[in-house]
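Only this structure's heavy atoms are used, side chains among them; waters, hydrogens and symmetry mates stay out. This structure is a prediction, so every number in the text was calculated from the model and none was measured. Just so we're on the same page: letters track the sequence lines, and every chain starts at 1.
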Amino acid sequence: MSIEEQQKFLISLEEKGVYETRLQRLNAGYARTSRENLLNTIEYLKKEGFDHVTTITAVDTIDNYDVVYHLRNQGFALNLKVAVPKEDPKIPSITGIQPGASLYEREVNDLMGIFPEGHPNPARLILDYDWPEGVYPLRKEETIQALKEKADKAMEEKEE
Amino acid sequence: MSILTWARTRSPWLIHFNAGACNACDIEVVAALTPRFDLERFGAIIRGTPRHADVMVVSGSVPRKIRKRLQRIYEQMPAPKFVVAVGSCAISGGVFQDCYNTMDGVDNFIPVDAYIPGCPPKPEAILDGVVKLLKSVGY
């Protein structure tokens, strides 16, 4: 795809409930969508050739959480951002559409506490087995000192 | 020197345990065993199981998740057993010190007999560490 074609594609996305689209440079697209519209968007993008989820990341922006889906169509990478409110940290799981997203969603659930609704197996993935429930290390309100204290306490309780 | 010490210090069989290391220390440990540096001239062989080993060579910052396995493997070794911590991570946590998911070094939960500093330590340093350990046992 040439840079003009990519530009055109991103503008055509705006009809599908995607906003703030922009092409940062050749092969680097950026877009935002709402949580309600996420599944439709992912499905549409898959049909358009974005059939590879490189990874899923999450950002704590103090006001809310941003979940970033890094999608790829050959060389063309698209970062799709979805805002998730802090009071209700849940997001519909895209594993049904993109099976490769399974582990990334579990990782986001582990570290940022954003639960993938409808995931076939939303079990803990990378944290310790003794890690306390409901403590998410990458959230901004956690300090390292508090995290260590909580983790040590949970570890001692499990060993007793 | 008793015959027991003599036998022990001339065949220090090793078990190498990677507790979350980046592989640099592991490569140096393997390099120390090659003919160029030849740790084997002291009778050291890498064994595949802790039940055959006298010395455990640990590298890495020990993530919380690996803690129990390391402890278990240490307990499976027959006494007398020795632990060598290779690299800054195994000594104190290194660059991962104070992370929420690491244990800040091996000596927080199993006794360590020799520390080999470096990031990664040179094969000569590993050789020196093992020889110092053997000397402390009565080589």
Are B:V130 and B:V112 in one and the same hydrophobic cluster, where Ile, Leu, Val, Met, Phe, Trp and Tyr link if side-chain heavy atoms are under 4.5 Å apart? no
Any chain of hydrophobic side-chain contacts (each under 4.5 Å) joining A:V53 to A:V68? no
If you round to the nearest 0.5 Å, how far is OH of B:Y100 from OG1 of A:T143? 13.0 Å
Connected via hydrophobic side-chain network under 4.5 Å: B:V84 and B:V137: yes
Using a 4.5 Å heavy-atom cutoff, which residues in residues 103-117 of chain A come close to chain B? A:L111
Close side-chain approach of B:D98 to A:K148, heavy-atom, < 4.5 Å: yes
With a 4.5 angstrom heavy-atom cut-off, is it the side chain or the backbone of A:D130 that approaches chain B, or both, or neither? side chain
Honestly curious: do B:M77 and B:V57 fall in one hydrophobic cluster under the side-chain, below-4.5 Å linking rule? no
Rounded at 0.5 Å granularity, tell me how far CZ in B:R64 sits from CH2 in A:W131. 6.0 Å
B:R72 atom CZ, neighbour heavy-atom count above 12 within 6.0 Å: no
Is it possible for you to say whether A:L71 and A:F9 belong to one hydrophobic cluster, with membership spreading through side-chain heavy-atom contacts below 4.5 Å? yes
Would you say that more than 12 heavy atoms from the other residues, nucleotides or ligands in this model lie under 6.0 Å from the CZ of B:R51, or not? no
Between the side chains of B:K68 and A:D128, is the shortest nitrogen-to-carboxylate-oxygen separation below 4.0 Å, so that they form an ion pair? no
Hey, is CD on A:Q24 packed in by over 12 heavy atoms from elsewhere, all under 6.0 Å? yes
